[in-house]
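Here the structure comes first, spelled out in structure tokens, and everything after it is commentary.
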Amino acid sequence: MVINKENYSKVLIILVAVIFFMVLHPITTRAEELDKKHVLVINSYDSKNRWTNEIMNGIISILGSDDSMDIRVEYMDTKHICDEEYFAKLYDIYKYKYSKSRFDVIISTDNDAFDFLKKYRDTLFPEVPVVFCGVNNYDYSMLKGTKLYTGVAEILNVKDTINLALTNFPMTKNVIVFTDQSSTGLGNMKLIKEELDKRGNNLNSTYVERSSISSAKRFVKNISSNSIILVTGAFTDDKGEYISMEEGTDELSRSCNIPIYGFWDFQLNHGVVGGVMTTGDYQGKEAGKKALEVLSGIKPDDIVIDNSMPTQYIVDYKKLKEYNVNMDSIPRNGRIINKPTYFYSISKRTVELIALAVTSSLCIFIAFLLINNTKRKKAEKALRESEERLRTLIEATPDIICFKDGEGKLLEANEALLRLLGVYGTDFRGKKESELIANNSVNISDVFRREKEENITWQIGKVIRSEETVAQGNGGYMILDLLKIPLFNKDGSRKALIILGRDITEHKNSERMKKRAEEDERLLRELREYDKIKTEFFANISHELRTPLNVIFSAIQLIELIERKGHIEESMDKLNEYIKVMKQNSYRLVRIVNNLIDITKMDAGYLELELQNNDIVSIVEDITISVREYVESKGIDLIFDTDIEEKIIACDPDKIERIVLNLLSNAVKFTSHGGNILVNIKDTGERIIIEVKDDGIGIPEEKQHCIFERFVQVDKSLSRNREGSGIGLSLVKSLVELHGGNISLKSKLGEGSTFIIELPVETIPDSAVVIKEDLCIGNSNIERINIEFSDIYA
């Protein structure tokens, strides 16, 4: 080609365009990369868990269709392994794996991931907001001391599920609960136990934790027919490997004729009669919506935590028939699955009546038109005017109104919807929303999500009401209250979908601000109460420390005075008495410091039990005998009684000694000369009851509810008759609860007090027992007794 002046200009223009494109393209690509939002999802369980998959599907339905999202997913697999060593290794892995990664928000699913992030978030992902979901037994105190957290709690409808089961099977006497040892499973079991305990002695309850499926099948074969089963956790095989809840429930139902109830919809069609169920999909969607709010710039602490999860009565028709359950026992708002369809025979009659009415009306209408053509024209005019008024009304309303056909294409839409889509003035009829907005700035992910939810509406076949958050072009968002009404043809095919929507953004923001104000007020009250308790504690502990120090200092001054006078040999009795006083007050200081250290360890989670299989009767009896001489020197009778000679349970002897010595010390403090103290042991089969009873001054009724709270004393004055820091009984309660037991109080002013300890009758495998050098109560423990009784004066 000959390059003349004209060709030269063309070549130059092309070269400039190519260079411009080569320079601009990487910049644009880099800019798009910088604009991406990076999301990390940490799941508590494994990728095969149905509940986890439902939550993930919900999250992806909100976030996954947006190309600007970079979503990374982790599975902690805590159904298979769940201990502190494992979490520490996960910490090291994530620290190495994500040391160079930056995330805009983290989504955690279920309790283990939530607890892991509470512990490690600030070091692994500092200042990264967290949106949690699937957290059982959620309480605002869980987030005390944290920031940048919001999310969705998982509420198990235990009460209504048990009511449904007892309504279906009114002769029920026994309730068997199967769960696993995950934090979620144990939390759910606690909720069930609290609900069953409220019902008194009418129901016998049995709780089975971390059961293999074979042992569970053997267990249910031996239970009576007037029983029901509640399944809230996974099972294991004979090798200890995890089996999913639905697989385990399937096998369990095939091995017995006992009705089984559950709490999650994925348990349906797996041997479960039914329950008041919740869904993982809801958890995932709500978490995704809150993540979008965080990504839009809203602070997590300003986003209200959702603590009201919807549930629904769902029962299996086949199972109801299998157990001959009366259908009248199913709530009217309940949903019945696997029910045979008799719709045609019912609707045929309805269609015939409608057809007859329509035919009659048409005949009358035709006759009327034939008789009076003028009236027909007037009617047509009136109809046109009516349609115009209706169209004007629809266009004037600020609410969204639209009609779609069975394929999701728009038939009619008012101005409010078209402006929301950014296509006002465009020919919309016969097009889907995604087709209309392909070339404008409206967030297309919202449209894809709505189309998916419309398909769900068709599948359910009922009117659905929901709230949806829609991103706006200006960076804000709009919250819509949507009502979707599906209409079907006679053959069951899709006819039309009516969608009505109202902007409730302002209402929601007002409601959120109100809840936040209420929460701030509650936190302020708690802060004031905490400050009051702290002030009282420091005043009290100052007195507790100063008193023995003053006594020790005074004794030292007296000893120095005797030494200066040179009368040491003549004053040996006084010197020994002063030394005894110093030693006793030193014990008092040791006791105060020990209690403070132990209560601090308890708060930090470092105080652990060294469990062994021991005779609890022998341990308590030896402790009682070891202090009898001291107690009787105060003019008080100490009696030990038991209705069993031996009972082997898993316990920590040192901690049991600490508990009993503390209660005996309190009893001696508040029992007058000539009084009695009784230590009694009872065996109920599943529990061991230890009672420490005195006939002393008793505790006022208004003080009994807080006697086990930390730093609480019946007499808080600095001039009180009995010494104490207010830590002892709080520590006793914590040590008892570490053993899986509980402690309670019965007292009447002027008649004495009874402290009642209940410990579970459980043992541990011999391979798990740590052999200790000193397991008995003897001379080696005299020092402990002196310390525990150091604040009691003759």
Salt bridge flag under 4.0 Å for residues [X] and [Y]:
X      : Y      : value
Glu195 : Arg199 : yes
Arg516 : Asp302 : yes
Asp115 : Lys119 : no
Lys289 : Glu286 : yes
Glu468 : Lys484 : yes
Lys515 : Glu518 : no
Glu407 : Lys432 : no

Can you tell me if [X] and [Y] form a side-chain donor-acceptor pair at under 3.5 Å?
X      : Y      : value
Tyr282 : Asp306 : yes
Asn136 : Asn188 : yes
Asp70  : His38  : yes
Tyr317 : Glu322 : no
Asn226 : Thr172 : no
Thr232 : Thr179 : yes
Asp160 : Asn157 : yes

Practice item. Quick one: do Val177 and Val208 satisfy side chain to side chain contact (heavy atoms under 4.5 Å, CB included)? Show the steps, please. Key: CA-CA 6 Å; Val177 183; Val208 185; over 6 Å; no
Locate the shortest heavy-atom distance separating [X] from [Y]; write the atom from each residue and the value.
X      : Y      : value
Leu609 : His739 : CD2-CE1, 3.6 Å
Cys133 : Ala287 : CB-CB, 3.8 Å
Cys82  : Asp112 : SG-OD1, 4.0 Å
Ala234 : Ser244 : CB-C, 4.5 Å
Gly248 : Ile213 : O-CD1, 3.3 Å

Indicate yes or no for a side-chain donor-acceptor contact from [X] to the backbone of [Y] under 3.5 Å, with no hydrogens or angles considered.
X      : Y      : answer
Asp237 : Glu241 : yes
Ser44  : Thr109 : yes
Thr150 : Ile303 : yes

Non-neighbouring partners of [X] that pass salt bridge (Lys or Arg N to Asp or Glu O under 4.0 Å), sequence neighbours left out:
X      : answer
Lys79  : Asp180
Glu85  : none
Glu247 : none
Glu511 : Lys508

**Study point:** Distance flag, aromatic centroids of Phe116 and Tyr120, threshold under 6.0 Å
**Key:**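 Yes, the ring of Tyr120 comes within the 6.0 Å limit of the ring of Phe116, centre to centre.
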Review point. Hey, do the aromatic rings of Tyr45 and Tyr242 have their centres closer than 6.0 Å?
Key: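 Aromatic pair excluded; centres sit 6.0 Å or further apart.
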Check your understanding: Could you walk me through whether Ile192 and Val158 pass the side chain to side chain contact (heavy atoms under 4.5 Å, CB included) check?
Key -> CA-CA 6 Å; Ile192 294 172; Val158 172; 3.9 Å; yes
Apply ring pair (Phe, Tyr, Trp, His ring centres under 6.0 Å) to [X] and list each qualifying residue two or more places apart in sequence or on a separate chain.
X      : value
Tyr323 : Phe169
Phe114 : Phe132
Phe178 : Phe235
His507 : none

**Study point:** Spatial distance of atom CD1 (Ile107) from atom CD1 (Ile71) [nearest 0.5 Å]
**Key:**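 Ile107 CD1 to Ile71 CD1: 7.0 Å, rounded to 0.5 Å.
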Could you tell me whether the side chain of [Y] reaches within less than 4.5 Å of the side chain of [X], counting heavy atoms only?
X      : Y      : result
Glu454 : Leu497 : yes
Ile229 : Val220 : yes
Glu74  : Leu40  : yes

Point to revise | Steps toward side chain to side chain donor-acceptor pair (under 3.5 Å) verdict (Thr279, Asp281) | key: CA-CA 5 Å; Thr279 65; Asp281 182 71; 5.5 Å; no
Check your understanding: Does any pair with a residue in residues 284-305 pass ring pair (Phe, Tyr, Trp, His ring centres under 6.0 Å), and if so which ones, sequence neighbours excluded?
Key ->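 Listed by first then second residue: nothing to list.
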Check your understanding: Counting only heavy atoms not in Arg494, do more than 12 sit closer than 6.0 Å to its CZ atom?
Key ->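 Atom CZ in Arg494 is packed in, count exceeds 12.
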Check your understanding: If you look only at pairs with a residue in residues 456-466, which of them pass as a side chain to side chain donor-acceptor pair (under 3.5 Å), with sequence neighbours excluded?
Key ->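 Output for this query lists Arg465-Asp481.
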Check your understanding: What residue pairs, at least two apart or across chains, pass side chain to side chain donor-acceptor pair (under 3.5 Å) with a residue in residues 262-278?
Key ->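 Every side chain to side chain donor-acceptor pair (under 3.5 Å) pair that includes a residue of residues 262-278, provided the two are not neighbours, is Glu154-Trp264, Asp250-His270, Asn269-Asn338.
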Point to revise | Verdict with supporting geometry, Ser227 and Ile176, side chain to side chain contact (heavy atoms under 4.5 Å, CB included) | key: CA-CA 7 Å; Ser227 306; Ile176 295 86; 4.0 Å; yes
Exercise for review: For Glu451, enumerate each residue passing the side chain to side chain donor-acceptor pair (under 3.5 Å) test, keeping only those at least two apart in sequence or located in another chain.
Suggested key: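 Partners of Glu451 under the side chain to side chain donor-acceptor pair (under 3.5 Å) test: Ser434.
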Exercise for review: Before giving the answer on side chain to side chain contact (heavy atoms under 4.5 Å, CB included), spell out for Lys198 and Lys159 the whole-Å C-alpha distance, their side-chain angles and the decisive distance to 0.1 Å.
Suggested key: CA-CA 10 Å; Lys198 294 177 184 177; Lys159 179 179 178 181; over 6 Å; no
